[in-house]
Amino acid sequence: NAGVTQTPKFRILKIGQSMTLQCTQDMNHNYMYWYRQDPGMGLKLIYYSVGAGITDKGEVPNGYNVSRSTTEDFPLRLELAAPSQTSVYFCASSRRVPGANVLTFGAGSRLTVL
Amino acid sequence: GENVEQHPSTLSVQEGDSAVIKCTYSDSASNYFPWYKQELGKRPQLIIDIRSNVGEKKDQRIAVTLNKTAKHFSLHITETQPEDSAVYFCAASYNTDKLIFGTGTRLQVFP
């Protein structure tokens with residue numbers, strides 16, 4: 001049981017390049033999330049999904065796209081990378097139960113845009 | 001949308017002392033309030049959560065209190081130990097779907 005797996009762990013992009021951060025979970029969780037964590041700052045919600053085929057915007061969705069074609073996978077696409085997207089990206093999943101939602105986070109993907 | 005403010009941003013305490021971290025939220029409909037701990041270089045992990053129908057919850061040295069009227073909730077750590085040193089995040093959500101996090105508090109516990 002690997003939990004939440006993110007790839008790549010590290011990536012350097014040039015301004016204007018595009019890339020996809022991969023996230024997969026093997027816990028059959030219905031909810032999945034993408035957060036970004038800037039240095040010394042909190043976690044900002046980019047996008048989330050409550051199930052396959054359903055996605056919704058979070059606090060900072062501009063410059064990103066997501067898809068959820070399967071329960072297991074929730075990739076995050078960066079189009080036209082900008083220095084402001086330099087951050088650590090965390091994917092998380094959860095099986096929401098009445099009154100609680102415990103997120104299991106991946107190890108994070110550190111992205112630098114130069 | 002929901003906005004969560006967290007204070008202080010850094011907190012230093014002597015081992016054995018208590019630590020208190022406070023959060024305020026903006027959406028009065030929010031009804032679920034978890035706390036996550038992130039050790040250096042690690043991923044965040046849930047340490048305790050509380051629902052809006054409960055005023056206080058304890059788990060060993062950790063407790064969380066909620067004041068719905070004032071829209072704020074707090075994390076209390078008693079008898080702090082060096083291994084409590086980490087960044088702590090509060091969060092709030094309505095019906096638990098979309099968790100909005102605070103900006104984090106870096107707690108340092110000195111021996």
Side-chain angles (χ1 to χ4, degrees), chain A residues 2-7 9-10 23 25 27 29-51 54-62 66 68 74 87-110, chain B residues 1-11 21-27 30-54 57 59 64 66 86-108:
Chain A
V4 179
T5 303
Q6 291 183 233
T7 56
K9 286 185 168 46
F10 303 94
C23 176
Q25 52 93 8
M27 299 172 284
H29 285 172
N30 46 353
Y31 282 56
M32 295 190 76
Y33 304 81
W34 274 106
Y35 287 91
R36 60 176 285 175
Q37 184 175 33
D38 297 337
M41 302 294 286
L43 296 157
K44 289 291 187 182
L45 181 63
I46 305 171
Y47 273 95
Y48 69 107
S49 168
V50 300
I54 305 170
T55 63
D56 208 347
K57 295 178 180 179
E59 302 169 271
V60 289
N62 291 345
V66 293
R68 185 91 183 274
F74 191 41
S87 190
V88 177
Y89 292 83
F90 285 99
C91 178
S93 72
S94 68
R95 180 182 291 115
R96 178 174 169 262
V97 297
N101 186 9
V102 181
L103 270 60
T104 299
F105 283 85
S109 297
R110 185 176 296 275
Chain B
E2 177 65 276
N3 183 52
V4 178
E5 294 188 357
Q6 184 172 347
H7 300 280
S9 56
T10 60
L11 179 59
I21 302 170
K22 299 180 179 180
C23 289
T24 58
Y25 59 98
S26 61
D27 188 349
S30 288
N31 56 7
Y32 176 65
F33 308 93
W35 286 86
Y36 282 75
K37 175 183 180 182
Q38 185 180 28
E39 296 177 356
L40 189 63
K42 302 284 184 66
R43 67 196 78 183
Q45 290 190 303
L46 178 77
I47 54 171
I48 194 167
D49 57 7
I50 191 169
R51 295 164 58 184
S52 60
N53 60 349
V54 176
K57 184 177 178 180
D59 183 3
V64 57
L66 172 65
V87 178
Y88 292 82
F89 295 99
C90 62
S93 76
Y94 171 66
N95 278 346
T96 72
D97 283 358
K98 187 166 76 171
L99 278 175
I100 302 300
F101 283 84
T103 49
T105 296
R106 181 174 300 279
L107 174 65
Q108 290 183 299

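Labels below follow one simple rule: chain letters A, B, ... track the order of the sequence lines, proteins then strands, and each chain is numbered from 1.
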Nearest-0.5 Å distance that lies between atom [atom1] in [X] and atom [atom2] in [Y]:
X	Y	atom1	atom2	value
A/Tyr35	B/Ile100	OH	CD1	6.0 Å
B/Phe101	A/Gln37	CZ	CD	10.0 Å
A/Leu103	B/Gln45	CG	CD	12.0 Å
B/Lys98	A/Tyr48	NZ	OH	5.0 Å

Crowding at CZ, A/Arg95 (>12 non-hydrogen neighbours, <6.0 Å):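 Counting other residues, nucleotides and ligands, CZ of A/Arg95 exceeds 12 neighbours.
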
A/Ile54 atom CD1, over 12 foreign heavy atoms within 6.0 Å: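 It does: A/Ile54 CD1 has more than 12 such atoms within range.
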
Residue selection (most heavy-atom pairs with chain A, distance under 4.5 Å) from B/Glu2, B/Arg51, B/Lys42: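 Heavy-atom pair counts peak at B/Arg51.
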
Closest approach of B/Arg43 to A/Gly106 (non-hydrogen atoms, all atoms of both residues):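 Answer, listing the atom of B/Arg43 first, then A/Gly106: CB-O, 3.3 Å.
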
Nearest heavy atoms of A/Phe90 and B/Gln38, plus distance in Å: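 For A/Phe90 versus B/Gln38, the nearest heavy atoms are CZ-NE2, 3.5 Å.
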
A/Leu43, part contacting chain B, at a heavy-atom distance under 4.5 Å: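 It is both, since atoms from each part get that close.
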
Region of A/Val4 that comes under 4.5 Å of a non-hydrogen atom in chain B: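 Looking at A/Val4, just its backbone touches chain B.
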
Portion of B/Pro44 that has a non-hydrogen atom of chain A nearer than 4.5 angstrom: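 For B/Pro44, heavy atoms of backbone and side chain both lie under 4.5 Å from chain A.
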
Side chain to side chain contact (heavy atoms under 4.5 Å, CB included) partners of B/Gln6, counting only residues at least two apart: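 For B/Gln6 the side chain to side chain contact (heavy atoms under 4.5 Å, CB included) partners, ignoring immediate neighbours, are B/Ile21, B/Cys23, B/Trp35, B/Cys90, B/Thr103, B/Thr105.
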
